[in-house]
Undergrad: 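Would you mind keeping the following structure in view while I ask a few things?
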Amino acid sequence: MGYIYRYTDLDDNIIKYVGIVWSDNRSLLQRIDEHFTYDKWCYERQWKIEYLEIDNKTDCEGLEGHFISLYNTFNWYNRRKSNWGISTIYSQIDFEWKELSYIPKDFKIKKRNHSRLVKTDALHTEEEIKAVIDYFQKEISKCCSLKRETTARRNLTMFICAINLGLQSSDFCKLTWDVFYDEKWEWRKNMDFIQEKTHHIKKVGKKKIFIWNTEVKVILETWLQWVQLSEKILLNDYIFFTPNNRHIDVSTWEQIMGKAAKAVGINRIIGTRGLRKTMGNRYYKAAKDKTAALVELNEYFGHTNLRATMIYIGLEQEKI
């Protein structure tokens with residue numbers, strides 16, 4: 001008997017690891033224990049673990065390659081595995097995953113010993129948001145070179161866009177100008193946007209209607225005017241670029257936000273996910289019809305139920 005198992009990150013509902021284990025070697029529970037003991041990616045996050053029972057060892061190995069490609073987990077924690085390709089045969093089968101309701105031994109102790117396990121949090125008040133904006137503006141005023149000022153202005157633009165757009169950080173960091181502007185460099189009303197995490201769906205991805213508000217338009221127009229002073233900008237250029245003209249990576253953006261939060265006295269971990277949660281928190285609080293807003297956010301974030309959305313945007317925490 002063999003098992004295919006997968007880990008879904010409860011913070012963003014993305015499947016990030018697929019593995020197999022054969023009962024001749026060790027049990028499924030023993031393998032899960034090993035992950036939580038030795039793999040840093042595993043013990044520093046909250047996961048939903050699901051599995052399939054497979055009778056044939058060959059099928060087990062084939063399914064592992066299929067699901068790694070299907071979920072793009074080689075971009076996450078299956079990094080030693082290559083993109084083997086999605087099987088046309090397995091794609092036609094409706095697999096019934098079983099959830100593993102099991103907490104590895106001593107996991108609660110490990111949680112206390114690893115501070116990075118703390119979940120990211122939203123910015124809950126406009127005062128906190130203003131404090132971070134003020135920090136980025138002060139960083140701009142301290143710059144003594146064009147290169148540093150461009151980076152500082154980019155960081156301010158990213159923050160304001162992030163708390164208004166609520167995109168996954170992997171999508172956000174790769175935004176290009178043609179998402180917002182048409183061929184005549186005029187603002188689009190909206191855009192069909194395909195999230196990177198859904199690219200496995202029908203090999204194309206799941207479309208969402210992507211809209212933006214005045215705050216986003218103002219800050220992006222300001223940023224565009226600034227970068228156009230020194231170079232010609234094309235529609236397919238990255239909006240948030242580095243000095244070598246590549247898009248900023250998620251880990252760099254994470255570090256920038258961590259430094260900003262610490263500088264203004266916010267002791268909670270905000271990170272990049274926290275900005276996505278901030279967007280949801282602000283949207284809900286500004287809405288006249290709270291129920292309708294919660295339903296809209298639930299659909300936007302792709303959560304399975306409304307309570308998951310309430311927890312995600314920090315409403316449950318604010319009640320405590």
Side-chain angles (χ1 to χ4, degrees), residues 9-14 16 39-47 75-77 79 110-143 147-175 196-197 215-216 219 223 238-244 246-282 301 311-314 317-318:
D9 190 338
L10 293 179
D11 220 9
D12 55 17
N13 204 34
I14 298 177
K16 295 184 177 178
D39 295 326
K40 186 178 181 180
W41 62 264
C42 190
Y43 59 64
E44 66 180 9
R45 296 184 182 278
Q46 300 286 341
W47 302 98
N75 289 328
W76 294 98
Y77 304 120
R79 291 173 183 168
K110 291 177 184 177
K111 284 178 66 176
R112 289 196 292 268
N113 291 337
H114 297 280
S115 59
R116 289 190 64 193
L117 186 60
V118 180
K119 279 190 173 184
T120 57
D121 192 14
L123 297 169
H124 290 269
T125 65
E126 292 300 316
E127 287 74 17
E128 286 185 330
I129 292 170
K130 186 179 183 303
V132 177
I133 291 175
D134 288 345
Y135 163 79
F136 283 123
Q137 289 176 333
K138 288 177 182 177
E139 289 297 296
I140 294 172
S141 66
K142 292 190 295 185
C143 293
K147 184 178 178 180
R148 289 187 177 182
E149 185 170 349
T150 298
T151 299
R153 286 178 178 273
R154 179 205 64 193
N155 295 345
L156 173 63
T157 305
M158 289 187 73
F159 176 72
I160 293 176
C161 287
I163 62 173
N164 283 284
L165 296 175
L167 287 174
Q168 293 280 353
S169 53
S170 56
D171 294 317
F172 178 71
C173 290
K174 297 176 183 176
L175 283 174
E196 187 177 84
K197 75 170 187 176
E215 283 187 58
V216 171
I219 194 65
W223 173 235
Y238 292 117
I239 299 176
F240 309 123
F241 57 85
T242 62
N244 58 6
R246 297 180 180 178
H247 67 78
I248 187 172
D249 59 69
V250 175
S251 59
T252 301
W253 179 221
E254 191 93 37
Q255 292 170 9
I256 292 168
M257 272 311 305
K259 183 179 178 181
K262 185 177 180 180
V264 300
I266 298 174
N267 298 320
R268 312 185 308 278
I269 296 179
I270 305 301
T272 57
R273 268 197 205 95
L275 303 183
R276 179 170 160 86
K277 295 176 181 182
T278 299
M279 172 268 178
N281 190 283
R282 296 178 83 206
F301 292 137
I311 295 172
Y312 187 76
I313 65 177
Q317 180 181 339
E318 290 176 4

Undergrad: Which heavy atom of Gly271 sits nearest to which heavy atom of Glu254, and what is that distance?
TA: CA-OE2, 3.1 Å
Undergrad: Verify the distance criterion only: is there a donor paired with an acceptor across the side chains of Asn281 and Thr278 at less than 3.5 Å?
TA: no
Undergrad: Starting at CD of Glu126, measure out to CD1 of Ile133 and round the result to the nearest 0.5 Å.
TA: 8.0 Å
Undergrad: Does Glu127 pair with Lys130 as a salt bridge, N-O distance under 4.0 Å?
TA: no
Undergrad: Check whether any side-chain heavy atom of Val132 sits under 4.5 Å from a side-chain heavy atom of Ile163, and report yes or no.
TA: no
Undergrad: Which distance, rounded to the nearest 0.5 Å, do you find between the CE of Met158 and the CD1 of Ile219?
TA: 12.5 Å
Undergrad: Under a 3.5 Å distance rule, please check whether Lys277 uses its side chain to pair with a backbone N or O of Thr120 as donor and acceptor.
TA: yes
Undergrad: What I want to find out is whether Arg268 reaches Glu128 closely enough, with some N-O distance under 4.0 Å, to be called a salt bridge.
TA: yes
Undergrad: CG/Leu275 to CD1/Ile160 distance, rounded to the nearest 0.5 angstrom?
TA: 11.5 Å
Undergrad: Looking at every non-hydrogen atom in both residues, tell me the closest pair between Ile270 and Ala122 and how far apart they are.
TA: CD1-O, 4.0 Å
Undergrad: Go through Met257 and Ile269 one step at a time and tell me if the side chain to side chain contact (heavy atoms under 4.5 Å, CB included) criterion holds.
TA: CA-CA 9 Å; Met257 272 311 305; Ile269 296 179; over 6 Å; no
Undergrad: Applying side chain to side chain donor-acceptor pair (under 3.5 Å), name anything that partners Arg148, two or more places apart in sequence or on another chain.
TA: none
Undergrad: Which residues satisfy the side chain to side chain contact (heavy atoms under 4.5 Å, CB included) test with Asp9, sequence neighbours excluded?
TA: Asp11, Asp12, Lys16, Arg45, Trp47, Arg273
Undergrad: Given the rule in the side chain to side chain contact (heavy atoms under 4.5 Å, CB included) test, do Tyr238 and Arg246 qualify, once you have shown the distances and angles that lead to the verdict?
TA: CA-CA 7 Å; Tyr238 292 117; Arg246 297 180 180 178; 5.6 Å; no
Undergrad: Using a strict 4.0 Å threshold on nitrogen-to-oxygen distance, state whether Lys138 and Asp134 make a salt bridge.
TA: no
Undergrad: What class does the angle between the rings of Phe172 and Phe240 fall in, given that below 30° is parallel, 30 to 60° is tilted and above 60° is perpendicular?
TA: tilted
Undergrad: Can you tell me how far the CZ atom of Arg276 sits from the OH atom of Tyr312, to the nearest 0.5 Å?
TA: 4.5 Å
Undergrad: Rounded to the nearest 0.5 Å, what separation is found between the CD1 atom of Ile239 and the CD1 atom of Ile248?
TA: 13.0 Å
Undergrad: Go through it in stages, so that I can follow the logic: the residues are Lys262 and Tyr135, the test is side chain to side chain contact (heavy atoms under 4.5 Å, CB included), and I'd like the CA-CA distance, side-chain angles, deciding distance and then a yes or no.
TA: CA-CA 10 Å; Lys262 185 177 180 180; Tyr135 163 79; over 6 Å; no
Undergrad: If you take all heavy atoms of Arg154 and Ile256, which pair is closest and at what distance?
TA: NH2-CD1, 3.6 Å
Undergrad: Are the side chains of Gln137 and Leu156 in touch, meaning some heavy atoms are under 4.5 Å apart?
TA: yes
Undergrad: Are side-chain heavy atoms of Ile140 and Glu149 found at a separation under 4.5 Å?
TA: yes
Undergrad: From Thr272 OG1 over to Phe159 CZ, what is the distance, rounded to the nearest 0.5 angstrom?
TA: 12.5 Å
Undergrad: May I ask you to decide whether Arg282 forms a salt bridge with Glu215, counting only side-chain N to carboxylate O separations under 4.0 Å?
TA: yes
Undergrad: Please tell me whether Phe241 and Trp223 form a close aromatic pair, meaning their ring centres lie under 6.0 Å apart.
TA: yes
Undergrad: Would you mind reporting whether Leu175 and Leu167 have side-chain heavy atoms less than 4.5 Å apart?
TA: yes
Undergrad: The criterion is side chain to side chain contact (heavy atoms under 4.5 Å, CB included); which residues satisfy it with Leu10, sequence neighbours excluded?
TA: Gln46, Lys48
Undergrad: Are the side chain of Thr157 and the backbone N or O of Arg153 linked by a donor-acceptor pair below 3.5 Å?
TA: yes
Undergrad: For side chain to side chain contact (heavy atoms under 4.5 Å, CB included), just list the numbers for Leu123 and Ile266, CA-CA rounded to whole Å, side-chain angles, deciding distance to a tenth of an Å, and then say yes or no.
TA: CA-CA 9 Å; Leu123 297 169; Ile266 298 174; 3.5 Å; yes
